[in-house]
Amino acid sequence: MFYRESGDFKTSYSADQQTFPIRLDRHVVYGILAFAFLVVPFLINDYWEKSVLLPFLVWAMAALGLNILTGFCGQVSLGTGGFMAVGAYACYKLMVAFPWLNMFIVVILAGLITAMVGVVFGLPSLRIKGFYLAVATLASQFFLVWLFNKVPWFYNYSASGMISAPERTLFGIPVTGAEAPPWMTYLFCLTLVTIFAFIAHNLVRGRIGRSWMAIRDMDIAAEIIGVPPLKAKLSAFAVSSFYIGMSGAMLFALYLGSAEPNDSFGIAKSFLVLFMIIIGGLGSILGSFLGAAFLTLMPVLLKNIMVGWFGWPADLAAHLELLLIGALIMFFLIVEPHGLAQLWRVTKERLRLWPFPH
Amino acid sequence: MAELTQDGRKIGDILLEVKNITLAFGGVKALTNISFDIKEGEIRAIIGPNGAGKSSMLNVISGFYHPQQGEVWFRGQKRGPMRPYEVARQGIARTFQNIALFKGMSTLDNLMTGRITQMHTNILWQALWKGPAEREEIAHREKVERIIDFLGIQAIRKTPVGRLPYGLQKRVELGRALAAEAKLLLLDEPMAGMNLEEKEDMCRFILDVNEEFGTTIALIEHDMGVVMDLSDRVVVLDYGKKLADGTPNEVRNDPAVIEAYLGVGH
Amino acid sequence: DLMFPVLSYRTGPFGANGAENADGYLDYFALLNERDGGIGGVKVQTPECETEYKPEKGVECYESTKGNGALLYQPLSTGITYQLIPKVTADKIPMLTPGYGRTSSANGKVFEYVFNYPANYWDGASVGVKYMLDQEKGDLKGKKITLVYHNSAYGKEPIRTLEELSKKHGFTLKTIPVDSPGQEQKSQWLEIRRDKPDYVLMWGWGVMNQVAISEASKMGFPMDKFIGIWWAGSENDVKPAGEGANGYKALTFHGVGKDFPIFKDIETHLVAKGKASNGGKNIGTALYNRGLYFAMLAAEAAATAQKIHNTKDLTGAQMRDGLEALKLDKARLEALGLANFAPEITASCENHGGSGLVAVQQWDAKAGSWKLVSDFMQSDREVIDALIKADSEAFAAENKITPRECK
Amino acid sequence: MTTENSMLSIKNIEVIYDHVILVLKGISLEVPNGGVVALLGANGAGKTTTIKSISNILKTERGEVTKGSIEFEGERVENLSPNDLVKRGVVQVMEGRHCFGHLTVEENLLTGAYTRTDGRKAVADDLEMVYSYFPRLKVRRKSQAGYTSGGEQQMVAVGRAMMAKPKLILLDEPSMGLAPQLVEEIFEIVQTLNQKEGVTFLLAEQNAAIALRYATYGYILENGRVVMDGAASHLASNEDVKEFYLGLSGGDKKSFRDVKHYRRRKRWLA
Amino acid sequence: MSPELLNVLEVIINGLLAGVMYSLVALGFVLIYKASGIFNYAQGVMALFAALTLVGFQTGQIPFAHVINTIFGTHLETWGPGLPTFFAILLTMGVMVLFAYLVERIVLRHMVNQAPIILFMTTIGLAYFMEGFGDLMWGADIKTMDVGLPSGASTWFETMTAGWATEGSNYPGMYVDMLDVAAAGIAILLVVVLTLFSQYTKTGRALRAVADDHQAALTVGISLRTIWVIVWSIAGFVALVAGIMWGAKSGVQFSLSLIALKALPVLILGGFTSIPGAIVGGLIIGVGEKLFEYSIGGMLGGATENWFAYVLALFFLMFRPQGLFGERIIERV
Ligand SMILES: Nc1ncnc2c1ncn2[C@@H]1O[C@H](COP(=O)(O)OP(=O)(O)OP(=O)(O)O)[C@@H](O)[C@H]1O
Ligand SMILES: Nc1ncnc2c1ncn2[C@@H]1O[C@H](COP(=O)(O)OP(=O)(O)OP(=O)(O)O)[C@@H](O)[C@H]1O
Ligand SMILES: [Mg+2]
Ligand SMILES: [Mg+2]
């Protein structure tokens with residue numbers, strides 16, 4: 001019995017409703033957070049920052065956002081790339097127009113702008129459902145990318161059509177631009193992601209989250225019970241786009257430093273985030289993180305193993321990597337269709353019973 | 001105005017009245033010119049053969065189907081065109097014939113969703129959680145816990161409802177409808193798929209709700225024993241038409257009803 | 001050892017192109033190692049990293065290789081170039097982006113560590129027009145030129161130059177975008193068929209090229225009036241159209257074919273020993289030659305740096321000096337076994353962009369090969385320099401860079 | 001009951017869902033050739049799970065039979081695919097109807113005959129037979145099953161199984177949601193098929209009164225175990241069964257209004 | 001007729017033909033969706049894989065030559081001059097059947113009764129896998145597809161339509177690509193055959209049953225395995241056709257797998273479950289996007305086709321959320 005939840009009695013409803021009702025879980029999470037905030041910044045270097053930690057945080061944010069929409073509210077969206085672009089371009093315009101504005105506020109404002117766009121593109125969901133909706137959301141993906149390509153105002157008429165993040169500082173230390181130290185960008189993203197992960201958790205465990213899940217599980221019944229579908233769906237689109245917009249802003253300003261709509265926000269991104277939440281676990285905050293970790297770290301890991309250790313030629317390794325990732329995705333889905341988060345839950349249940357089989 | 005039943009419950013004014021409802025799907029006439037009323041505090045049964053239009057009637061009342069003709073009056077007012085969730089907000093809760101629980105959620109969350117019409121903190125407070133959102137949550141949790149105790153489903157509080165056996169799902173669904181604290185409760189075959197013992201329990205719950213909270217209940221059920229024992233008045237539908245309407249005894253002895261529905265055994 | 005990380009892309013939609021380019025790049029360094037024992041006696045290392053042509057992966061490759069004493073990056077993708085410009089400047093590792101990347105990085109005062117000689121997109125556009133001028137006996141007045149471009153930052157590069165030139169030479173310019181990836185171009189080519197422009201210029205990439213060339217040939221557009229940028233000038237682009245592609249032209253800043261002495265060395269030192277990458281199957285393709293050329297520039301700059309600093313092992317900053325002092329004249333090219341393969345280059349502190357000499361190559365479908373049909377021609381510096389100045393200064397202002405002084 | 005003429009025999013099976021939830025804890029039962037066997041038990045006792053493990057569709061719900069054996073006509077069938085079982089003559093009517101929503105009523109019935117090879121004529125005849133049992137289906141035969149009423153769907157599900165001409169029908173709560181006279185009719189049909197066509201039945205049913213009236217033998221499940229079994233008549237006269245399943249204890253049938261709230265204890269669970 | 005009018009007509013005709021090319025891809029999606037409720041993301045990659053295999057057989061390429069060479073330092077390339085086109089096609093079809101069998105065997109059989117989105121995700125995994133596999137097997141270079149189909153402008157049509165123009169307008173005649181016409185012919189044939197198959201055969205009915213409810217289909221004795229192998233084989237065949245047609249235009253290369261994106265708007269417009277819908281949807285999308293680009297697109301800066309196709313589909317969905325011919329989405333409680 002490695003994992004126990006017995007002996008952990010609740011005496012009030014508020015104790016029962018805590019974020020991590022089980023003491024062991026709570027300690028583990030606090031431990032991880034302490035490590036991430038207090039230890040990692042001292043160990044981090046450029047490689048870890050740019051290849052592992054920032055991508056993970058950025059995609060975790062996007063996955064949180066899409067999970068709210070798809071995992072919790074059941075509306076499959078393939079417009080993520082487009083919404084990330086909105087966040088990135090909003091961030092760029094804000095950074096250039098208000099150089100003095102605090103970067104946290106810039107990112108959050110970029111999220112809010114994306115939320116508004118998200119609501120507009122969410123309107124069809126009132127009528128269209130399932131895969132029809134999923135495909136229809138590609139309209140926003142293609143349209144937004146086209147728009148940011150076409151209208152020079154968005155990229156400040158630069159000759160190249162690229163946007164580049166100018167340097168901005170926080171407490172006198174640069175957070176964007178090439179001079180930003182790795183620990184700074186990392187802490188910036190980590191803070192945002194941590195705060196908004198808790199907010200996401202709060203949202204999904206309360207009234208709003210339940211109305212999303214009701215719509216997801218059975219929309220007609222939900223409406224008859226008293227969940228207004230319009231409000232529920234659009235609020236999901238808004239909140240989800242808010243997160244995705246922030247992740248787009250982070251991707252552009254902190255992680256990459258410059259962006260172009262086709263390369264950085266193409267349809268591949270929409271799919272990537274969708275993979276993350278499915279592999280991680282639909283309707284699970286933890287799953288968003290696990291999925292993001294899986295799909296950002298796995299390729300790096302595979303590459304390092306195949307090229308770094310085995311010394312295989314890069315092209316063979318690249319093709320094999322595709323093949324292996326595909327195989328792993330299928331394997332995990334066969335083992336546990338409900339994602340890594342569910343796998344984790346089942347493992348915990350088993351550990352709790354261990355060493356007895358049932 | 002109020003009349004008393006034999007066992008002393010108060011039956012009040014007309015709570016809901018449907019007038020001349022006609023509902024057709026393409027060529028299929030599900031309901032033809034149906035009128036009846038439901039009085040405050042009573043248990044009203046709707047019976048009839050399969051495909052008679054009983055569920056459709058409930059769907060009309062809860063605003064999911066929009067009849068081609070006819071009116072629905074609730075609490076003395078004619079109801080305009082309304083979305084189902086607005087109907088729910090007026091105080092009508094229901095269960096479904098084919099269980100319509102939210103499969104991905106736990107029993108507790110399903111019941112809490114039942115209270116959604118009464119919860120109001122805005123999204124910012126929800127995001128913050130501490131403060132109004134948490135207070136509201138706890139207040140409602142207490143009410144829901146009472147229903148959980150009442151239905152005896154404490155043990156499955158945190159179980160995802162998808163894995164529950166059929167009968168328990170039915171019970172959870174009843175709980176979800178009860179959680180709404182509605183004026184009018186519409187139950188579509190709440191006891192299908194239950195054995196005698198469970199039916200007895202279910203009857204107990206329905207009677208208690210009716211007696212303790214004075215909730216008005218409209219009930220569809222095929223088990224005649226239950227219908228005859230529980231209901232104050234029964235309306236009989238037969239392929240879209242109203243066949244009879246009256247007390248259980250009147251209906252039971254109506255030859256048309258025996259012919260169309262009950263069969264000779266009863 | 002001298003470390004030249006190779007950022008390549010061998011998978012994904014552009015993988016076929018990336019593979020040829022990378023093979024040439026790797027083979028040149030391998031040849032140096034085999035034949036000459038490296039550069040100045042120091043072996044060259046070329047760890048390869050797959051970028052899949054994606055900015056994120058490119059950054060990952062950069063970060064994972066830069067720590068081992070990397071001397072020069074050639075990311076082979078404009079998107080990745082943009083990510084790396086601030087980073088290489090901060091890390092003091094030079095980056096060379098011939099024929100792609102940020103065009104205004106030709107201004108060495110602003111972009112200390114970024115080089116893009118011998119030619120950039122604006123040179124390409126300008127020489128394209130110049131070639132047409134030559135064909136039309138010096139007069140383009142009233143002619144119609146259509147630009148078909150990949151609807152992306154890359155595709156839009158030549159527009160400003162062409163607009164300037166159209167004012168100068170009096171031709172009418174029409175621009176038609178093709179959205180990525182570009183497998184369906186019926187509308188675009190029907191429009192061209194109706195307009196009957198005198199010339200079509202194409203800034204395409206990937207499958208867009210193949211489809212455009214086959215549509216053009218099917219619609220009977222005269223192929224010798226159809227000129228692509230150098231990224232639309234590989235065998236991959238013309239072969240799917242078969243015979244129809246015969247006569248199609250493309251810009252280039254280096255020679256084509258295997259008719260140079262260096263290829264003999266490659267044969268003896270690499271192919272014969274089984275050391276050529278990919279079994280040597282890409283040798284002599286346009287993009288292989290380009291990779292070879294890119295590597296040659298890097299190697300020459302390294303040799304120059306070794307001389308300037310009188311050291312065998314180099315740092316990034318020293319390599320930068322080598323790149324700035326690069327002098328590639330006829331004699332040197334000949335010594336390298338690449339006589340007439342490319343125009344001369346004289347770089348300097350302020351000039352990171354070279355002279356902008358570009359030639360035109362033409363496809364011979366029967367022979368299945370490209371051949372040069374023009375000399376290396378000088379682009380219109382007047383127009384381009386002004387554009388470069390404006391853009392690099394805007395960049396400097398936006399990023400608070402004070403342009404350095406060049407002695 | 002002797003094993004010689006048994007059509008289906010289940011020995012001591014255990015079923016686990018999701019690798020952790022043990023649901024059946026060693027169930028054994030026999031279905032004789034030509035018998036009608038009833039499975040009774042409270043909600044969650046494991047009736048449906050038992051039936052699914054016979055028809056071998058547990059895997060689709062991440063459940064598996066971990067112990068014991070299932071034999072049909074003397075052969076082990078745990079590893080047969082569901083369609084092989086249908087070919088051998090075992091057909092299940094799933095709890096909760098499971099009609100093909102987008103197919104019409106008639107198409108639903110015809111898919112029931114999917115494995116049959118005895119020609120169109122025979123199938124058409126059987127279709128008519130099903131219609132004669134359920135005239136309501138004939139009226140609605142062109143409408144999509146997804147839009148028919150709950151009871152109509154139940155008829156479709158039962159009719160669809162009849163179309164397969166099976167040897168053994170596993171009926172999971174056939175009477176659920178059906179009007180009273182139809183419930184009688186369904187059981188009449190069961191009896192007719194049983195007696196005329198020799199079809200064997202295993203039926204899980206909540207309506208114990210009627211199930212025991214038509215069944216030859218019965219098993220009572222509680223919590224994944226068989227707690228009692230015996231000839232139907234014998235069960236029907238058992239005091240406990242009477243009290244908990246038939247509602248006849250102490251003479252007269254009592255009104256649902258008078259049922260008390262306190263929990264009673266079942267003697268067999270003591 | 002005035003040349004302007006003829007131009008519009010030309011745009012329309014070419015739009016229709018382009019639409020048919022989209023339909024060819026959409027058809028594969030429809031088949032699999034109809035038979036299992038799986039939205040098969042891998043359809044595009046299947047087209048690529050089939051085309052690669054076909055070219056590989058035609059040119060006598062040795063599979064995995066590249067890998068073998070790298071590992072063993074050999075110089076394998078081809079095993080001979082290659083097969084005649086007809087046999088190469090037959091053999092490729094065989095490979096696609098084998099592929100269908102393996103997919104069922106290794107993946108699908110474990111995914112019975114899963115939520116649609118999980119199945120969708122599985123096919124994405126499959127797409128990744130096949131992409132890597134195809135690259136390793138046949139190499140990532142661009143290959144030329146030539147199965148002897150006619151190609152290029154139809155001069156007959158050109159001269160005929162040139163005559164329609166008003167005198168003296170110097171109208172050159174309309175353009176149609178023979179390849180597109182051939183594609184249209186094949187597509188129509190496929191649609192007719194497949195519609196008959198799914199509507200009027202027992203297997204066709206079983207397909208639809210499976211899509212509705214995996215479990216119930218099992219209980220009536222439908223072998224999901226057989227059905228899925230059949231359907232994936234047919235889809236593999238359709239993918240081969242699409243691969244040939246698109247490959248002839250652009251060469252056989254990775255980008256071929258992206259044609260799926262052109263098929264998706266067609267799919268939702270026509271309805272996921274309708275074979276005729278795939279063709280009608282294709283025609284509407286083809287004409288719609290071409291006309292929009294012709295008339296308004298230029299004013300917006302061009303390259304509008306990608307998103308306009310989706311907007312157009314969206315517009316139709318507003319009125320019919322299940323697409324023009326899709327099965328009604330059952331909404332009941
Ligand atoms: N897919 C599943 N995953 C986990 N547990 C399950 C699953 N299906 C059933 N169970 C559990 O197995 C037990 C037996 O369920 P089963 O459906 O067999 O009962 P039953 O006797 O048919 O009940 P009812 O009369 O309500 O239909 C229940 O406790 C249920 O929670
Ligand atoms: N949305 C719909 N579209 C088409 N027909 C419908 C629809 N809803 C109900 N019907 C038809 O209307 C008739 C009445 O259905 P309803 O569900 O109301 O019956 P019911 O009385 O509840 O029967 P049961 O006791 O079997 O549940 C049925 O014949 C049914 O097929
Ligand atoms: Mg009903
Ligand atoms: Mg059951």
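A, B, ... follow the sequence lines: proteins, then strands. Residue 1 opens every chain. Quick caveat, the model's predicted, so the values are computed rather than measured.
To the nearest 0.5 Å, atom OG of residue A/S51 and atom NZ of residue C/K57 are 10.5 Å apart. Between atom CH2 of residue A/W146 and atom OG of residue C/S180 there is a gap of 15.5 Å, rounded to the nearest 0.5 Å. A distance of 8.5 Å separates CD1 in C/I85 from CE in A/M162, rounded to the nearest 0.5 Å. Taken from CZ in C/R102 to OG in A/S158, the straight-line distance is 6.5 Å, to the nearest 0.5 Å.
Using a 4.5 Å cut-off between heavy atoms, A/D263 contacts chain C through both its backbone and its side chain. Heavy-atom distances place both the backbone and the side chain of C/K87 under 4.5 Å from chain A. For a residue to count as touching a neighbouring chain, one of its non-hydrogen atoms must lie under 4.5 Å from one of that chain's; by this rule A/A165 touches chain C with the backbone only. For a residue to count as touching a neighbouring chain, one of its non-hydrogen atoms must lie under 4.5 Å from one of that chain's; by this rule C/P177 touches chain A with the side chain only. The contact between A/Y155 and chain C is made entirely by side chain atoms (from C-beta outward), counting heavy-atom distances below 4.5 Å.
Nearest heavy-atom pair, A/K50 versus C/V59, reported as atom, atom and distance to 0.1 Å: CB-CG1, 3.9 Å. Contact between C/E50 and A/A318 at its shortest, heavy atoms only, is CG-CB, 3.6 Å. In terms of heavy-atom proximity, C/A90 sits nearest to A/E179 at CB-OE2, 4.2 Å. Minimum heavy-atom separation, A/N262 to C/S152: ND2-CB, 3.2 Å. Annotation for C/Y82 and A/S164: closest pair CD2-OG, 4.5 Å, computed over non-hydrogen atoms.
For the pair A/K303/C/C61, a side-chain contact is recorded, criterion being any heavy-atom separation below 4.5 Å from C-beta on. Residues A/E321 and C/E52 have side chains in contact (heavy-atom distance under 4.5 Å, counting atoms from C-beta outward). Side chains of A/H319 and C/T11 form a contact here, defined as non-hydrogen atoms less than 4.5 Å apart. No side-chain heavy atom of C/E60 sits less than 4.5 Å from a side-chain heavy atom of A/P55.
Ranked by heavy-atom pairs under 4.5 Å with chain A, the list C/A390, C/A22, C/A394, C/P55 is led by C/P55. Note: A/Y255 leads A/W48, A/F142, A/F148, A/Y255 in heavy-atom pairs under 4.5 Å with chain C. Of the listed residues (C/N278, C/N151, C/T103), the one with the most heavy-atom contacts under 4.5 Å to chain A is C/N151.
Taking a 6.0 Å sphere around NZ of C/K389, one finds it holds 12 or fewer heavy atoms contributed by other residues, nucleotides or ligands.
A/E260 places a side-chain N or O within donor-acceptor distance of the main-chain N or O of C/A153, the cut-off being under 3.5 Å.
Between C/K66 and A/D46 there is a salt bridge, since at least one side-chain N of the basic residue sits less than 4.0 Å from a carboxylate O of the acidic one.
Among A/L54, A/L272, A/L251, the single residue meeting the side-chain contact (heavy atoms from CB on, under 4.5 Å) criterion with C/E56 is A/L251.
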